Peer 1: 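Sharing a structure, written as structure tokens. Questions coming.
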Amino acid sequence: MTGIPYDDVTQWRGPYPVETFISQFEKLSAGWQLGIPFLKAAVDVAPQERHDDARAELRYAQAAAIHFQSVANQARFIVAHDTLTNMAQTLGAEEQKALRSEIRRVLESEIDLARQLFALAQVDSRIGFEAANQYFYVPLDLVGKVINCRWLLEHFD
């Protein structure tokens with residue numbers, strides 16, 4: 001069974017400093033996004049008998065980009081939240097404000113990404129599948145993620 005260390009950035013990042021880990025996933029997501037228009041163009045010119053395959057490849061590339069950005073977002077959220085929680089009394093007002101702003105930005109990004117991924121997973125049930133657990137997530141899990149992120153935005157102070 002595959003376990004998920006939800007808020008353990010130290011375990012996620014392996015030998016990399018946390019900022020390096022996060023920035024590399026952000027770079028990976030941004031670079032990956034650069035290829036999406038080329039895949040969209042390939043779908044448009046794919047022979048009819050390969051059109052469905054080309055659309056599937058585009059969906060997988062879009063899902064991968066979302067996953068890469070989500071890893072970076074989740075790590076940024078955890079670092080900002082932990083810093084704010086554990087060091088609140090030693091941080092200045094501006095530092096606290098910046099951390100809260102970062103948390104809000106990440107939550108808004110996660111809502112957007114979850115919505116995009118929901119649309120992809122609705123079309124293709126293979127998105128979200130992971131063999132060891134049978135499903136890593138299903139579309140309804142993504143709905144729950146949006147609800148959770150909205151709640152955090154409304155109640156975070």
Side-chain angles (χ1 to χ4, degrees), residues 1-37 39-40 57-157:
M1 193 68 135
T2 304
I4 305 166
Y6 289 102
D7 61 353
D8 190 353
V9 175
T10 300
Q11 187 172 341
W12 296 356
R13 65 184 173 87
Y16 303 100
V18 68
E19 189 53 40
T20 300
F21 173 84
I22 293 169
S23 69
Q24 289 302 308
F25 268 95
E26 289 172 338
K27 288 176 187 176
L28 178 59
S29 178
W32 200 270
Q33 286 287 354
L34 294 174
I36 301 293
L39 282 171
K40 286 181 180 177
E57 293 299 325
L58 174 59
R59 285 191 301 272
Y60 303 148
Q62 291 168 319
I66 290 168
H67 288 162
F68 298 145
Q69 184 58 54
S70 189
V71 170
N73 283 350
Q74 290 178 46
R76 284 216 182 275
F77 177 91
I78 292 162
V79 169
H81 179 269
D82 288 355
T83 302
L84 195 57
T85 301
N86 298 330
M87 300 178 63
Q89 295 182 355
T90 61
L91 297 172
E94 286 302 311
E95 291 171 305
Q96 289 184 31
K97 183 179 177 182
L99 288 167
R100 285 186 174 88
S101 177
E102 177 71 357
I103 288 170
R104 284 185 191 90
R105 183 197 65 76
V106 167
L107 288 169
E108 289 166 356
S109 176
E110 282 298 292
I111 289 169
D112 180 56
L113 293 174
R115 287 177 173 161
Q116 291 177 49
L117 194 54
F118 176 86
L120 295 170
Q122 284 286 94
V123 172
D124 191 332
S125 65
R126 295 171 291 187
I127 294 175
F129 182 79
E130 187 276 323
N133 297 316
Q134 293 304 302
Y135 268 93
F136 194 67
Y137 58 85
V138 294
L140 194 54
D141 294 328
L142 298 167
V143 171
K145 182 175 186 172
V146 169
I147 292 167
N148 184 39
C149 288
R150 282 184 181 164
W151 187 91
L152 287 169
L153 280 169
E154 291 171 10
H155 295 90
F156 183 75
D157 191 342

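None of the values given here were measured: they were computed from a predicted structure. Note: hydrogens, waters and symmetry copies are ignored here, and every other heavy atom, side chains too, is used. Sequential numbering from 1 along the given sequence is applied to the chain's residues.
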Peer 1: What's the separation between atom CG in L153 and atom CG in L107, rounded to the nearest 0.5 Å?
Peer 2: 4.5 Å
Peer 1: Take the angle between the ring planes of F68 and W32 and call it parallel below 30°, perpendicular above 60°, tilted in between.
Peer 2: perpendicular
Peer 1: With distance as the sole test, does H155 use its side chain to make a donor-acceptor pair with the main-chain N or O of W151 at under 3.5 Å?
Peer 2: yes
Peer 1: Within this structure, what is the CZ-CG distance for the pair R100 and L84, rounded to the nearest 0.5 Å?
Peer 2: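 Separation between the atoms: 4.5 Å.
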Peer 1: Give every donor-acceptor pair under 3.5 Å between a side-chain atom in residues 109-118 and any protein atom, sequence neighbours left out.
Peer 2:
{"unit_1": "S109", "atom_1": "OG", "unit_2": "N73", "atom_2": "ND2", "d": "2.8"}
{"unit_1": "E110", "atom_1": "OE1", "unit_2": "S70", "atom_2": "OG", "d": "2.8"}
{"unit_1": "E110", "atom_1": "OE1", "unit_2": "K145", "atom_2": "NZ", "d": "2.5"}
{"unit_1": "E110", "atom_1": "OE2", "unit_2": "S70", "atom_2": "OG", "d": "3.2"}
{"unit_1": "E110", "atom_1": "OE2", "unit_2": "N73", "atom_2": "ND2", "d": "2.8"}
{"unit_1": "D112", "atom_1": "OD2", "unit_2": "Q116", "atom_2": "NE2", "d": "2.8"}

Peer 1: Answer yes or no: is there an ion pair linking R105 with E108, defined by an N-O contact shorter than 4.0 Å?
Peer 2: no
Peer 1: Does L120 form a side chain to side chain contact (heavy atoms under 4.5 Å, CB included) with I66? I'd like the steps, not just the answer.
Peer 2: CA-CA 11 Å; L120 295 170; I66 290 168; 3.9 Å; yes
Peer 1: Can you list the residues that meet the side chain to side chain donor-acceptor pair (under 3.5 Å) rule with E19, with sequence neighbours excluded?
Peer 2: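 Applying side chain to side chain donor-acceptor pair (under 3.5 Å) to E19 gives R76.
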Peer 1: Listed by chain and number, what are the side chain to side chain donor-acceptor pair (under 3.5 Å) partners of R13, not counting sequence neighbours?
Peer 2: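 None.
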Peer 1: Side chain to side chain donor-acceptor pair (under 3.5 Å) with Y60: which residues, sequence neighbours excluded?
Peer 2: D124, R126
Peer 1: Checking N86 side chain against D82 main chain: does a donor-acceptor pair fall under 3.5 Å?
Peer 2: yes
Peer 1: If you compare all heavy atoms of W12 against all heavy atoms of F21, which two are closest, and at what distance to 0.1 Å?
Peer 2: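 Heavy atoms only, the tightest pair is O-CE1, 3.5 Å.
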Peer 1: Within the distance-only criterion (no hydrogens, no angle test), does the side chain of S29 pair as donor or acceptor with the backbone N or O of F25 below 3.5 angstrom?
Peer 2: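 Flag not set: sc S29 to bb F25 has no pair under 3.5 Å.
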Peer 1: Quick check against the 3.5 Å criterion: does Q96 have a side-chain atom that pairs as donor or acceptor with the backbone of L91?
Peer 2: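 Checked: pair present.
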Peer 1: My understanding is that only residues two or more places apart in sequence, or in another chain, count here; which of them pass side chain to side chain donor-acceptor pair (under 3.5 Å) with H67?
Peer 2: Y137
Peer 1: I need the Q69 CD to Q74 CD distance, nearest 0.5 Å.
Peer 2: 10.5 Å
Peer 1: Is any side-chain heavy atom of L140 closer than 4.5 Å to a side-chain heavy atom of V143?
Peer 2: yes
Peer 1: Test of understanding: with side chain to side chain contact (heavy atoms under 4.5 Å, CB included), list the residues that count as partners of K27, not counting sequence neighbours.
Peer 2: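 For K27 the side chain to side chain contact (heavy atoms under 4.5 Å, CB included) partners, ignoring immediate neighbours, are Q24.
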